[in-house]
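Heads up, the thing below is written out as structure tokens.
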Amino acid sequence: MKKIVTAVLAASLLTAGCSDFLTEDLKKDLAPENTYTTSYGFEVGITGLYGLARSEYNTWGGSFTSHAQACPYETLQISTDIVFAGHKDGSLVNHENLVYTSADHYVNSFWNYSYGMIASANIILQYSETDVKWDKPEDKEKYQAEARFFRAYAYRYLGYLYGDVPYVDKVEENFRLDFTRTPKAEVLGHMIEDLKFAASKLPEKPDQVVPGRLTRWAAEHLLAEIYLMAGMPREAEAAAERVIESKEFELMENRFGVATDEPGDVFSDLFIEYNARRTNGNKETIWIMPLEYNTTGGGGASEDWTRRAWVPKYWEVNGFVLADTLGGRGLAQLVPLDWWNEKEDFYDPTDIRNSEHNIKRNWYYNDPDNKLYGTKVLPHDTFKIPGKIFPAVTKFFYGKKEDLSYNGLNKDRIKFRLAETYLLKAEAQLLQNNKEGAAKSINKVRERAGASSIAASDVTEDFLLDERIRELIGEELRRFTLLRFGKLKERTVKYNFRSDHMKDYQQLWPIPQTIIDPNTGAKFPQNPGYGDK
């Protein structure tokens, strides 16, 4: 029987190529040649691929793969211009201090995560070209479109983090020690082709797909970003415009969903549990990853710890007890930097994104057995003790009354939404020196937020990056955004007192040494600055 790396077992395509650790003799019934023979088999495989993609958040297990440490997603927010580490979680310290090496845990786990997804996609694509009994003629291209989307999605991680990486588009069945690094520009070209195919074959009607399943518009949205990565702003603008002009989505302007009778605003409604899906009335969402609590197919306690990262450790302060209304049990692994979060003119006075519903600035002691109960925490008390109490982004507030110490953030994660599509369009327009068009795109987002309109003369890269903070803080991978703008080092050095010693070479991560060392059959250079073995 053939020896191959399977979709579920592959932790890293390259690791499998350079070592026999993950090369398994599969049991007959589980072999791909037996699974990928019908539409049902491909449905099982694609479902697994969605689960693998969702593991980008996974901490300690309970999923197809695991980063096996506490803050994977937060590693891509730290050492940027938005946050510092309040609670010195060991998984973040090396990245904040910029002392990570080719042996760093996350340097390795994101490589493995990405190539594991690529391996899964390649298996599906290879077996889709065999003698399959499709239920419907269109099934073949539908499953191919989903697989190619996720292959591009994985290479997005690799391109931003490592630069030039091996491009592999087929199942590696034989033992290999001769991988080489493919130029990033070439990889981007392949990603664009994958996403163009996906956009042409995925369903167009989001109301006709299962929540969390891809549509053409998710592919077009990602395509806009990848075109920007590739230095193709005209094409990026066109892709973003196709999403906008589809009329399938709209910026939410009125209260909606499960909390309309409770204090809040339309922006806070976007991030409330059970409000992310179109079936919940949210027409802004382009793509979600389903993570609903205590639901078949939802996430578990280790699936997503973003809430723990962003919520303060208020519960350690005398006068406070755990409360779901305060976000549950946070660990303050990420604390917003003062330069934007406390800058008086960063938000317009009428901007709802700065309302108490979206950034909690006023904290009141909530322990009924404490004499301070009901009084406001003042700056000269415990305010801004590192990680304890601070102005906190509420997008990730989450708590369960029945289990206030619960770890997870089990509400659906919005991956793409229309507000970002407008900002991608603005970015493309600015790169074409169309500041009037960029201002118009930005103003669509600002008008929904109740902020004043800007003029063309106001549009700069830095203004757009600031606007992305106001709109997308915590949602976007800030490291990726700054890299795309070419401003990671500049803005990190300017704004982040913990990472202000960033060097040019640290804008890329090193290649894992576990990849370089066994690859004796071809030169596989390390990224500059990290040594070259």
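Along the sequence shown, residues are numbered consecutively beginning with 1.
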Do side-chain atoms of [X] reach the backbone of [Y] as a donor and acceptor pair under 3.5 angstrom?
X: Thr35; Y: Pro32; result: no
X: Asn275; Y: Val258; result: yes
X: Asp412; Y: Leu291; result: yes

What class does the angle between the rings of [X] and [Y] fall in, given that below 30° is parallel, 30 to 60° is tilted and above 60° is perpendicular?
X: Trp363; Y: Phe320; result: perpendicular
X: Tyr50; Y: Phe150; result: perpendicular
X: Trp111; Y: Tyr115; result: tilted
X: Phe249; Y: Trp217; result: perpendicular

Looking at Tyr113, Trp287, Phe416, Tyr160, which hits ring pair (Phe, Tyr, Trp, His ring centres under 6.0 Å) with Tyr153? Trp287
What residues form a salt bridge (charged side-chain N to carboxylate O under 4.0 Å, His left out) with Arg491, not counting sequence neighbours? Asp81, Asp462, Asp466
Please list, chain by chain and in numerical order, all residues satisfying salt bridge (charged side-chain N to carboxylate O under 4.0 Å, His left out) with Glu74, sequence neighbours excluded. none
Distance-minimising heavy-atom pair for Pro290 and Arg277: CB-NH2, 3.7 Å
Taking the basic N atoms (NZ, or NE/NH1/NH2) and the acidic carboxylate oxygens, is any pair closer than 4.0 Å for [X] and [Y]?
X: Glu475; Y: Lys395; answer: yes
X: Glu471; Y: Arg353; answer: yes
X: Lys494; Y: Glu490; answer: no
X: Arg413; Y: Glu303; answer: no
X: Glu356; Y: Lys360; answer: yes
X: Arg148; Y: Glu146; answer: no
X: Glu476; Y: Arg478; answer: yes
X: Asp164; Y: Lys184; answer: no
X: Lys415; Y: Glu420; answer: no

Between atom [atom1] of [X] and atom [atom2] of [Y], what is the distance when rounded to the nearest 0.5 Å?
X: Thr101; Y: Asn94; atom1: OG1; atom2: CG; result: 7.5 Å
X: Asn341; Y: Ile473; atom1: CG; atom2: CD1; result: 8.0 Å
X: Arg181; Y: Asn519; atom1: CZ; atom2: CG; result: 11.5 Å
X: Tyr155; Y: Asp194; atom1: OH; atom2: CG; result: 9.5 Å

Side chain to side chain contact (heavy atoms under 4.5 Å, CB included) assessment of Thr421 paired with Glu284: CA-CA 10 Å; Thr421 314; Glu284 188 167 330; over 6 Å; no
Pair Tyr530, Trp509 - check ring pair (Phe, Tyr, Trp, His ring centres under 6.0 Å), show working. CA-CA 9 Å; Tyr530 296 103; Trp509 283 1; 9.8 Å; no
Begin with the C-alpha distance, continue with both residues' side-chain angles, and end with the deciding distance and a verdict on ring pair (Phe, Tyr, Trp, His ring centres under 6.0 Å) for Tyr73 and His67. CA-CA 10 Å; Tyr73 214 63; His67 288 287; 9.2 Å; no
Under 3.5 Å, is there a donor-acceptor pair between the [X] and [Y] side chains?
X: Tyr143; Y: Glu43; result: yes
X: Ser109; Y: Asn112; result: no
X: Asn97; Y: Arg498; result: no

The complete set of salt bridge (charged side-chain N to carboxylate O under 4.0 Å, His left out) pairs with one or both residues in residues 102-112, sequence neighbours excluded, reads none
Check the pair Leu223 / Glu220 against side chain to side chain contact (heavy atoms under 4.5 Å, CB included), numbers first and verdict last. CA-CA 5 Å; Leu223 184 58; Glu220 294 279 16; 3.8 Å; yes
